[in-house]
**Q** 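Pasting in a structure now, in structure tokens, and then I'll have a few things to ask.
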Protein chains: 2
Amino acid sequence: MTTEKRRAPAGAAVLRDEITTAIRRALMQELAAVGYGRLSIEAVARRAGVSKTAIYRRWSSKLDLVLEIVAAAAHGKLPALDTGTLRGDLALLFQVVAHALRHPLASQIIPDLLAEAARNPTIDATLRQVLHTRQQEIGGRLVTRAVQRGELPADTDLDAAVDLIVGPLYWRLAIARLPLTDGYLDNLVESVAAGLGADNVLPRPRAAPRSD
Amino acid sequence: MTTEKRRAPAGAAVLRDEITTAIRRALMQELAAVGYGRLSIEAVARRAGVSKTAIYRRWSSKLDLVLEIVAAAAHGKLPALDTGTLRGDLALLFQVVAHALRHPLASQIIPDLLAEAARNPTIDATLRQVLHTRQQEIGGRLVTRAVQRGELPADTDLDAAVDLIVGPLYWRLAIARLPLTDGYLDNLVESVAAGLGADNVLPRPRAAPRSD
DNA sequence: CAACGACGGTACGGTTGCGTCCCGACGTGT
DNA sequence: ACACGTCGGGACGCAACCGTACCGTCGTTG
């Protein structure tokens, strides 16, 4: 009876992609501006130029909205990241991370959501899926390949290696928020490689190519 | 006329320290529970078992309250941190940081406020004063002494060194929130020392004292 | 001992946001 | 061309919180 003569939605009775996109963009901006704690659907709707109903028709709640959009945004691109050497992989990874954290939106949203994840299990689970797992997977693969090449000791702790790889750059860009000076990433590659134990292979070509 | 026969407040007309303390503690707990964005004076008052007026008599606003209390809490103790060797200094520093971030309150409040600092200039200024400056000062002194001893190259970049020193541990404890396994800090000391360029002085006694 | 005066607590408008409901508008399929 | 049915928008009730005004209480000081 209900599904008998059911007709598929048509005409104006269809979600408009432009409005969905506007909501996504507005959510990101609001998230960066006020953080997850103070995020309000009304503000998102205002900024997007749509009505609250437009949002509630697409997502059931504020948490649902944030989770879906953030996960989608983080699912994006990720290069193969296999240059053949540990230093090459590190340099590429750092450039990708630095590029991502250059976006003002990302550099504000990511620390905010990570802090929120400490108290919201759902956000925590989602972030671990789209960020931690991904980063650990990438870092793990990077380290594994380096071990196989003989660049790193065989008993390298993956978790500790990931800490050493992503910690410094994240601290500088997202926490201390200091600019990337000339040659910073190059030096960081050498420092991290040395910290991982790769110093036996290459004798640190030049530590500080600067001349002030 | 006004200051002529002015009598100093006495009797019940004096701030009770026990209530001030209760407010401080409640603020910390609320800050950890809901974050700065959702922090409400009413909730703090409820948790402390006092009235809102008790809070507004002591601090003018939510921002004022948070700034004063957080700054006071961060002003606390800090060891001399001068063991005579780079590795000794690093080990001590890591233990202090790890101990501080072990407190659940600290590990939730600090990332939250750091994220908030990205959009609130007043919080940013306060945090830089009580945290960044302090850490950079300590890290800088640690590096400077190591340079003077000949343990590190003379052209070491202080900012980059601080990134390398505090980044990995902060990432693990505050972002990834992984536990500290046995020997993690010891290995981190060696890794960071090597990353800083101290590998020339000591040939890394043992990189990974584990046996799984 | 008596008066002072700031204390803590309650009560109060004003504001903001959540989530829902109802309405006219609109464009495709029959 | 018509009817269908979902869309977007505005309005609503409800709840929470901000910051303030008032009121009785209490201990010290003269």
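In what follows, every chain begins at residue 1, and chains take the letters A, B, ... in the order their sequences are listed. Computed from a prediction, not measured in an experiment: that's the story for all the values here.
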**Q** B/Tyr56 has an atom OH; how far is it from atom P of D/dC17, in whole Å?
**A**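 Rounded to the whole Å, the gap is 11 Å.
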**Q** Once you round it to whole Å, what is the distance between C1' of D/dC17 and CZ of A/Arg38?
**A** 11 Å
**Q** Whether the B/Arg177 and B/Ser107 side chains hold a donor-acceptor pair (N or O, under 3.5 Å, no angle test) is what I'd like checked.
**A**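 No, no side-chain donor-acceptor pair sits under 3.5 Å.
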**Q** Determine, stepwise, if the pair B/Tyr184 / A/Asp157 fulfils side-chain hydrogen bond (donor to acceptor under 3.5 Å, both in side chains).
**A** CA-CA 9 Å; B/Tyr184 179 86; A/Asp157 182 337; over 6 Å; no
**Q** Please give, in whole Å, the distance from D/dA16 C1' to A/Ile41 CD1?
**A**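 To the nearest whole Å, that distance equals 17 Å.
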**Q** Does OP1 or OP2 of C/dA6 have a side-chain N or O of B/Arg16 closer than 4.0 Å?
**A**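 No, because none of the side-chain N or O atoms of B/Arg16 sits under 4.0 Å from OP1 or OP2 of C/dA6.
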**Q** Does a side-chain N or O of A/Ser51 approach OP1 or OP2 of D/dG10 to a distance below 4.0 Å, or not?
**A**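 For D/dG10, OP1/OP2 do not have a side-chain N/O of A/Ser51 under 4.0 Å.
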**Q** When you measure from the side chain of A/Glu30 to the backbone N and O of A/Leu39, does any donor-acceptor pair fall under 3.5 Å?
**A** no
**Q** Could you check how far CG of A/Leu63 sits from P of C/dC18, rounded to whole Å?
**A** 13 Å
**Q** Any donor-acceptor pair under 3.5 Å linking the side chain of A/Arg87 with the backbone of A/Glu190?
**A**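 Not confirmed, A/Arg87 side chain does not pair with A/Glu190 backbone.
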**Q** What is the distance from CD1 of A/Ile23 to P of D/dC7, rounded to the nearest Å?
**A** 12 Å
**Q** Could you pick out which residue, B/Ser60 or A/Thr53, lies toward the 5' side of DNA chain D when each is mapped onto its nearest nucleotide?
**A** A/Thr53
**Q** Both A/Gly49 and A/Glu42 contact DNA chain D. Taking the nearest nucleotide for each, which residue is further toward the 5' end?
**A** A/Gly49
**Q** Using a cut-off of strictly less than 4.0 Å, decide whether A/Arg57 has a side-chain nitrogen or oxygen near OP1 or OP2 of D/dC7.
**A** yes
**Q** Would you kindly give the NZ-to-P distance between B/Lys62 and D/dC17, to the nearest whole Å?
**A**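 Answer to the nearest Å: 11 Å.
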**Q** Can you measure B/Leu39 atom CG to D/dA16 atom P for me and round it to whole angstrom units?
**A** 17 Å
**Q** Between the base of D/dG19 and the side chain of B/Lys52, is there a donor and acceptor pair under 3.5 angstrom?
**A**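 By the distance-only test, yes, there is a pair.
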**Q** Got more than 12 heavy atoms from elsewhere within 6.0 Å of CZ, A/Arg119?
**A**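 Buried by this count: over 12 neighbours within 6.0 Å.
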**Q** Give the rounded distance in Å between these two atoms: CG of B/Leu65 and P of D/dC18.
**A**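 To the nearest whole Å, that distance equals 11 Å.
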